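Reviewing the structure listed below.
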Amino acid sequence: MTTKKIVLLDGNSLAYRAFFALPLLTNDSGIHTNAVYGFTMMLQNILKEEQPTHVLVAWDAGKTTFRHSTFSEYKGGRQKTPPELSEQFPYLRKLLKAFNIPQYELENFEADDIIGTLSRTASEEAVKTVVISGDKDLTQLATDSTTVCITRKGITDMEIYTPAHIEEKYGIGPLQIIDMKGLMGDASDNIPGVPGVGEKTALKLLKEYGSVEHVYESLDAISGKKLKENLTNNEEQAYMSKRLATIEVNAPITISLQDLSYDGPDEEQLTSLYKELKFTTLLEKMGVEGVESEPVEVIEVETKHKLTAADLSDQMAVHLEMMDDNYLTSELFGLAMTNGERVFYVPLDDLKQDDVLKKWLADPGTKKFTTDAKALFAALAAIDIPVSGIDFDLTLAAYIVNPSLSFDDVSEAAASVGWNGIQKDEKVYGKGAKKAAPAIEEIAQHAGTKAVAVWNLFETVSEKLRQNEQYELYHNLELPLAIILGKMESTGVKTDLATLQTIGTELSSRLEHLETTIYELAGQPFNINSPKQLGVILFEKIGLTPIKKTKTGYSTAADVLEKLAPEHEIIEHILLFRQLGKLKSTYIDGLSKEIHEDGKIHTRFQQALTQTGRLSSINPNLQNIPIRLEEGRKIRAAFVPSEPNWIMFAADYSQIELRVLAHISQDKKLIDAFRADEDVHTKTAMDVFGVTKEEVTSNMRRAAKAVNFGIVYGISDYGLSQSLDIPRKEAAEFIDTYLASFPGVKQYMDTIIVDAKQRGFVSTMMNRRRYLPDITSSNFNLRGFAERTAMNTPIQGTAADIIKKAMIDMDRRLEAEGLQARMLLQVHDELIFEAPEEELEQLKKIVPEVMESALELDVPLKVDSAYGASWYDTK
DNA sequence: ATGTTCACG
DNA sequence: ACGTACGTGAACATT
């Protein structure tokens, strides 16, 4: 006989959870499916993990329940269910039917009460029960035989509440959760509780007195005048709140445990529902064949070994097919081309010898439409085949239309603008150990579909960009930039391995010593790099007090360790070990591996990735080379000019984001400060602290600087309090004073949020967009995040626009002046060049000039420049 | 594959 | 009451 195990699910709560956790997916018949999909994932996980013998999904019935007769405003003020979710409930019912899972609802009662009643009867029969919900109220049902799982983040992450866990987390028993709600109320259900009592106070009272009743019996003993007053005045309300929060465990249900047995899904029903909903991944997992939504259309691709002028026209879609996504190192296969009539594929070896084709590629007068301009340009540059006249980049265009969609494959970029005819590279080449090149015909076919997609999408996507007034941004900024970035990537940065090795040797020996010291202090060897092992040593063996927890255990992050440093000598050594270990593994060892045969590092700039319009740098990342601490900064000495008697030259914008803020917000004081070329942090300190310039201390300036950062990031008192390590209240006061003295900024912050809510997106000065669907969310966190993003993105994004424009201007200027200087890197607000010494004086003049005039703002842009024998010396 | 930590602007 | 600063990429440990 198998032991019974019953799983009870709170249908409404989980459906809501799934709906808000996932983006609004729509299948091709226009039905939203995110809640159903999320629910399905949850269900599958639960069934797999728990292996129950009995399952039930309980639903809320109707609008009113017995609780409304106690308190008519129960669950009042709730937003009504979004229609996008409502329309999914019938599918959820169908889904459960297909799973053969019983569903139950009861007039006048909530799902909670059904679950409560069943879990009580199960408990009485000592049947193991698991309750699953997104609502923490249910934790009151936890007993030795009933476990309550509450969804945490996302859809599959659950927090498991046993009586022991509740005790550990809150210091009270499961049933006292009800008392807690009675005292603190519950905003989401509109349960009032006692004003001024939140979780902290409620728990303190309950730990001392045990229940709401005992709290009131002991009123006299309670300290705190205000608290006592609030309790006294709201006694009835507290009792009522407790009643409302109590789950009914004796609901008049008409089902019993026997009715809930679960024997697995009806596969046939399930597949047909999945097909209807287009849950292809789920279908594949079930091993159902032939369900790929549409079979990819087979196009006729002609493999050509030699082209004639007649094969080529003024406008063509071209796509360079290759094995890996790193076009700088990948094996290249060949070029697919089409002008809408025939589709060719030219294998690489033929391309290399085909002068007709090479001439066409180099001709700026023939237009090339492609999937990734930079890849085409840089990959062919590496084999000395110049390309010019690239006029359309599908990935870049799709990114400008909506940067929130991430494309790690052309098929996804194409799909985002409505073209589903491309297979994923992964499907053609396989992945991991199984990755291999298929037959040439298959490669040609795959490459051909990409060229065809580009050809067919060119017009519509361009039109879409024009409609959004983003064509300029795309065509005159991003597209030319792609080529410039391609040049920079191909050029690469000369990196001196010997310098890295010298630093590395010293680091190794220091790390060894630190390791010995740490083991001695700990009394045993352990893996210092393992947060888990480190946590055990610090907080269990040594007995330090944990300050912060992570999901998986004790936090050992630097800010935590710094606070612990006075407690034990070992901490400073660990911090140093971490710092040096990072330098050794990421920078010394990591960078050494990336030096190519030409002695250079060729990073790649991702141009269609960030949400704000910034670039990012990968393989390796050259945008995060250490600078803040001297030890790390030395790494920069390894980056040197690639030619004898050349120098490194660096130029960076001073306070570009705050200048952009001054311009966008039109705050008079901020504008004046920049026009007068004042130190903006000092100026901020003067205003926030109400002192004269002479009275500003370095601490005041530091605080002001943090406030300015906060403003740019979309401020929150909590964030500022963390960065300054001050109480939250103080941080809030700083912010208020700041906003009062810079009213234009305040106005901007308020307006941008309203604007974002209304339009659904925010934009930069050059019309780069970022959509913010969460800005209207009822979830406090999501909404808060979206609001801060709304404040930050126009600033960070406009700064990104500006430097991109500067790079284009700079490239032209270097060309026009006939200079040999080369642009090598962009690090968000700075540009790094190498140049012959003789060009230094010219660069000192030209570079700041070009950067400062990239875009005209109502405040001046300011650029500082420096040069030296290595990147380290450009300071 | 995911989480934690830490490097940069 | 909620749980946070904005934007990235890489290494390492752990699942």
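All values derive from a computational prediction rather than experimental measurement. Letters A, B, ... are given to chains in the order of the sequence lines, protein chains preceding strands, and every chain is numbered from 1.
For A/Asn619, whose side chain is taken as the heavy atoms from C-beta onward, the closest listed nucleotide among C/dG7, C/dA10, C/dC12 is C/dA10. Nearest nucleotide to the A/Ser530 side chain, out of C/dG7, C/dT14, C/dG9: C/dT14. Of the listed nucleotides (C/dC12, C/dG3, C/dG7), C/dG3 has the atom at the smallest distance from the side chain of A/Arg728.
On the nucleic acid side, DNA chain B has its first and last nucleotide under 4.0 Å of a heavy atom of chain A at B/dG3 to B/dG9, going 5' to 3'.
For the residue pair A/Tyr399 / A/Glu478, no side-chain donor-acceptor distance below 3.5 Å is found, with atom types taken as modelled. Defined by atom type and a distance below 3.5 Å, a donor-acceptor pair is present between the side-chain atoms of A/Ser870 and A/Asp873.
Map A/Gly196 and A/Leu591 each onto its nearest nucleotide of DNA chain C; the residue landing nearer the 5' end is A/Gly196. The residue among A/Lys582 and A/Asp717 whose nearest nucleotide of DNA chain C is located toward the 5' end is A/Asp717.
In this structure, A/Tyr587 has no ring pair (Phe, Tyr, Trp, His ring centres under 6.0 Å) partners at least two apart in sequence or on a different chain. By the ring pair (Phe, Tyr, Trp, His ring centres under 6.0 Å) test, A/Tyr161 pairs with A/His165, sequence neighbours left out. Considering only residues two or more places apart in sequence or on other chains, A/Thr684 meets the side-chain hydrogen bond (donor to acceptor under 3.5 Å, both in side chains) condition with A/Asn708.
Residue-to-nucleotide contacts include no donor-acceptor pair under 3.5 Å from the side chain of A/Ser616 to the base of C/dT8.
Against DNA chain C, the stretch residues 531-539 of chain A makes heavy-atom approaches under 4.0 Å through A/Lys532, A/Gln533.
Put simply, CZ on A/Phe526 is 15 Å from C1' on C/dC12, counting in whole angstrom units.
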**Request:** With pairs defined as Watson-Crick or G-U wobble and both distances under 3.5 angstrom, please note down DNA chain C as a dot-bracket string, | for pairing with another strand.
**Result:** .....|||||||||.
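When the side-chain nitrogen and oxygen atoms of A/Arg614 are compared with OP1 and OP2 of C/dT8, none of them lie within a distance under 4.0 Å. An OP1 or OP2 oxygen of C/dC12 is reached within less than 4.0 angstrom by a side-chain nitrogen or oxygen of A/Ser585.
Between A/Asp750 and A/Lys746 a salt bridge is recorded (basic side-chain N to carboxylate O distance below 4.0 Å).
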